[in-house]
Number of protein chains: 2
Amino acid sequence: MNKKPITITDIAKRANVSKSTVSRVINNTTPVHEEKREAVLKAMKELNFEPNIFARGLASGQSRTIGVMTQNIGTPFYDSIAQGILTRLTTSEYSPIFADGRWKAEAGIVAAETLLGRMVDGLIIVGSRLTEQDLAALENRVPIFLVGREVDRWERRCLFLDNVQGGYDATKHLIDLGHRRIAHIAGIKDHQDAIRREAGYRRALEEAKIDIDEDLICEGSFDGQSGVEAIENLLKRDIKFTAIFAANDMMAFGARLSLYRRGIKVPQDVSIVGFDDQAESAFFTPPLTTIQQPAHEMGAVAANAMLSMILDEDYELPKLKTQVVVRDSTGPPR
Amino acid sequence: MNKKPITITDIAKRANVSKSTVSRVINNTTPVHEEKREAVLKAMKELNFEPNIFARGLASGQSRTIGVMTQNIGTPFYDSIAQGILTRLTTSEYSPIFADGRWKAEAGIVAAETLLGRMVDGLIIVGSRLTEQDLAALENRVPIFLVGREVDRWERRCLFLDNVQGGYDATKHLIDLGHRRIAHIAGIKDHQDAIRREAGYRRALEEAKIDIDEDLICEGSFDGQSGVEAIENLLKRDIKFTAIFAANDMMAFGARLSLYRRGIKVPQDVSIVGFDDQAESAFFTPPLTTIQQPAHEMGAVAANAMLSMILDEDYELPKLKTQVVVRDSTGPPR
DNA sequence: CTTGATTCTGAAACCGCTTGCAAGAATTCA
DNA sequence: TGAATTCTTGCAAGCGGTTTCAGAATCAAG
């Protein structure tokens, strides 16, 4: 709205050098005589110079921007990942720019295109359902890193947790407490995480030589209401169970509410385990036993990997793990 | 990573016109003969042209980007606002770019500078604690819109809810049920919303001619743990109360947990009202009576206003209101 | 004191798009 | 029919950096 910003030319004049030299000290691309270098630095400080990112982007072809494609499927898990990305990027030269894949039909592609249109130097995709073809297409336009999703032959470029293990641990915890009739409220049918968590559930039961009763496995959609309905349904059909493993906390909340309405006590009558460990879970009544996912850290790791990819540096992908957080919603069956 | 992108020049050649003309049809700045216009449009379609935003930004001085400064003080309220902004912007030519004011000391300023460095065309500030001086300084650099915060003489450029009314309604609801000893768990001390909600609480009591017992007003910090502590504290000091109004849902959860641990029944022994109506509240046990805020809508409205400000158009600022959502955590005192 | 190698540095050519300006074409008014 | 307008359009000058290239300056070696 007011006075015009200062440019590299102003700096050049004041430091008595050419634009080229200024550019060189800014980017450290070519050695510059110490004396001049300091003059430039001084001038930049005095004039409080900020390079124009458009000019820079136009000339260099780089935006110093990382696109983040999020997808809320109803859990705060993805939000936390996004937060982690933000946190890591805050201390870098790069800024994130978000796009949400949730709204439109071909949301994923559209979002990706938007981001590419913004010339992002890299794309972090958080738990999308883009097909592998789409991914392959994107892949040779820009560096990509996937979070919360596992894709074959992308080992170095995706970060995810062992959801089978998580589901297994959750179920095992219940089995160890003595439960035999364990209901499972699954997540969205074709969602990778949901499928794996259920697989973990099955594996734990099999290992414990407990017959799997398909009646105990309910469909859910990761939201509270579906948790309520799943349990109502079980109760209505008079199917007996002493424990519930819900594929996420939100559904666990719903399940608990449904029990509460019938006066069924947790954990005395029925134990509940969730998945996510969202902030509210620790304050639930009773505090919810759940599987914790290091979402924030995942985001940070992903951002870090992306920065490395862009700079063509090497990077580590730590093996992050889920963890059982035992609280008061689980106990031995009566 | 591969072949070079097509430019306005390519289009110009193919359509047999000059770059200028192409630019004009893209931006609709000057009438262009229908015939040529169509040729250009056709060429653009055929070549799948996407203007380079850097070149455009450099030449025009506009970025088609709106900066969003968020600040999480621990409630999902701000996240919802951000979502609302995203939603509205999705159907516009503008993209949001986020910065978080949470981390560093002078976080607010730093975040704002980052955004300005990115040449945002507008800045939406979500519930920050920037001083009015800071705001004034920013104000003449870029259009600003504030969400979730009230500032004098910024009437047209800030959107907030009547938190006094919200606090009043919450308290009134309890009074109407017959409660007299109503505890209040306040939010962060110098937080605008916290102050207003407490003011509403006081006003409701005064209006009902109920003496205000300062012992019933506890400090809190908007997180679950502080809710737990507030109530523990009250109980420990043997201060009697039959209802609680917590300045947000998260603290209400904490309060409820604290009661649960002592076997105090909700709502039979103590009623609870929260503030926010976050997604989990409806599935709490018992479902939490709370004050709903149209956060998503606020975000959308803010984004809309910002777009209008940028285009120098007129805009409406609907009067959004809080609303009492009565669920099962409140009832008449025993 | 040359000569060839090594550093530094500035000039100038872009990067892709917007926009002021002026000229050509088309239309209108006397 | 000629002059005055009104439309359209292309040219070319930026916008503020980056980067290539060649020349200047410095240095070690011959």
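Keep in mind the model is a prediction, meaning the values are calculated, not measured. Side-chain atoms are counted along with the backbone in the values below, which use heavy atoms only and exclude waters and symmetry mates. Proteins get letters first, then strands, A, B, ... in listed order; numbering begins at 1 in each.
Spacing between atom CD of B:Q62 and atom P of C:dT18 amounts to 11 Å, rounded to whole angstrom units. Atoms CZ (A:R56) and C1' (C:dC14) sit 18 Å apart, rounded to a whole Å. Rounded to a whole Å, the CD1 atom of B:I11 is 12 Å from the P atom of C:dT18. Spacing between atom NZ of A:K19 and atom P of C:dA11 amounts to 10 Å, rounded to whole angstrom units. Per the geometry, CG belonging to B:D10 stands 13 Å off C1' belonging to C:dC15, to the nearest Å.
Heavy-atom distances under 4.0 Å link DNA chain D to A:F49, A:P51, A:N52 of residues 44-52 of chain A, given in residue order. Near DNA chain D, meaning a heavy atom under 4.0 Å away, the residues from residues 22-43 of chain A are A:S23, A:R24, A:N27.
Atom CD of A:E313 has more than 12 heavy atoms from other residues, nucleotides or ligands within 6.0 Å. Heavy atoms from other residues, nucleotides or ligands lying under 6.0 Å from CD of A:E316 number 12 at most. In A:E34, the CD atom is crowded: over 12 heavy atoms of neighbouring residues, nucleotides or ligands sit closer than 6.0 Å.
Contact between B:A43 and B:A15 at its shortest, heavy atoms only, is CB-CB, 4.2 Å.
Residue contacts shown for A:S20 include a base, since a base heavy atom lies under 4.0 Å away.
Taking the side chain as every heavy atom from C-beta outward, A:T70 and A:Y78 never approach each other to under 4.5 Å. For the pair B:V40/B:R24, no side-chain contact is recorded, criterion being any heavy-atom separation below 4.5 Å from C-beta on. Here the side chains of B:Q293 and B:K321 are not in contact, with every heavy-atom distance at 4.5 Å or above.
Annotation: cation-pi pair A:R156/A:Y315 present, NZ/CZ under 6.0 Å from the ring centroid and within 45° of its normal. Annotation: cation-pi pair A:K42/A:F49 absent, no NZ/CZ under 6.0 Å from the ring centroid and within 45° of its normal.
One axis for each end of the helix from C:dC1-D:dG30 to C:dA30-D:dT1, each built from five base pairs, and the angle between them comes to 40° at 10° resolution.
If you walk DNA chain D from 5' to 3' and mark each nucleotide with an atom closer than 4.0 Å to a heavy atom of chain B, the marks span D:dT8 to D:dG16.
At least one donor-acceptor pair closer than 3.5 Å links the side chain of A:T87 to the backbone N or O of A:Q83.
The side chain to side chain donor-acceptor pair (under 3.5 Å) pairs that include a residue from residues 51-66 of chain A are A:S63-A:D121, A:R64-A:E93, A:T65-B:R118, where partners are two or more places apart or lie in different chains.
Aromatic ring pairs are classed by plane angle as parallel below 30°, tilted from 30° to 60° and perpendicular above 60°; the pair B:F222 and B:H191 is perpendicular.
Phosphate proximity of C:dG10 to A:S18: present, with a side-chain N or O under 4.0 Å from OP1 or OP2.
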For residues 142-155 of chain A, dump all side-chain donor-acceptor pairs below 3.5 Å to protein atoms at least two apart in sequence or in another chain.
{"unit_1": "A:R149", "atom_1": "NH1", "unit_2": "A:S128", "atom_2": "O", "d": "3.0"}
{"unit_1": "A:R149", "atom_1": "NH1", "unit_2": "A:L130", "atom_2": "O", "d": "2.8"}
{"unit_1": "A:R149", "atom_1": "NH2", "unit_2": "A:L130", "atom_2": "O", "d": "2.8"}
{"unit_1": "A:E150", "atom_1": "OE1", "unit_2": "A:R196", "atom_2": "NH1", "d": "2.2"}
{"unit_1": "A:E155", "atom_1": "OE2", "unit_2": "A:R153", "atom_2": "N", "d": "3.3"}

